[in-house]
Amino acid sequence: MEFFGHVIDGAEVKSASGETFASVDPYTREPWAEVALGGAGEVDRAVTAARRAFDEGPGRA
């Protein structure tokens, strides 16, 4: 089964806890992918990366 992690700061990463969940196709009701289960740590990392990109990214004048 394919794995999908979080995309944080341009890189695909696993959850710090290592937890995942199965994503289920609503039509077939069969699992089709394993997905990283995020928590507060992933949110903090994503917000920090987004803030840095906003403040220092190439779009800033």
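Numbers here are sequence positions counted from 1.
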If you compare all heavy atoms of Lys14 against all heavy atoms of Glu42, which two are closest, and at what distance to 0.1 Å?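 Answer, listing the atom of Lys14 first, then Glu42: O-OE2, 4.5 Å.
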Can you name the nearest heavy-atom pair linking Thr20 to Glu34, along with the distance?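 So the two residues come closest at OG1-OE2, 2.6 Å.
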Are the side chain of [X] and the backbone of [Y] linked by a donor-acceptor contact shorter than 3.5 Å?
{"X": "Glu19", "Y": "Ala36", "value": "no"}
{"X": "Ser15", "Y": "Leu37", "value": "yes"}
{"X": "Glu56", "Y": "Ala53", "value": "no"}

If we only count heavy atoms from C-beta on, is the [X] to [Y] side-chain gap below 4.5 Å?
{"X": "Glu30", "Y": "Val24", "answer": "no"}
{"X": "Arg52", "Y": "Asp9", "answer": "yes"}
{"X": "Arg51", "Y": "Asp55", "answer": "yes"}

Are the aromatic ring centres of Trp32 and Phe4 under 6.0 angstrom apart?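 Here the rings of Phe4 and Trp32 have centres that are less than 6.0 Å from each other.
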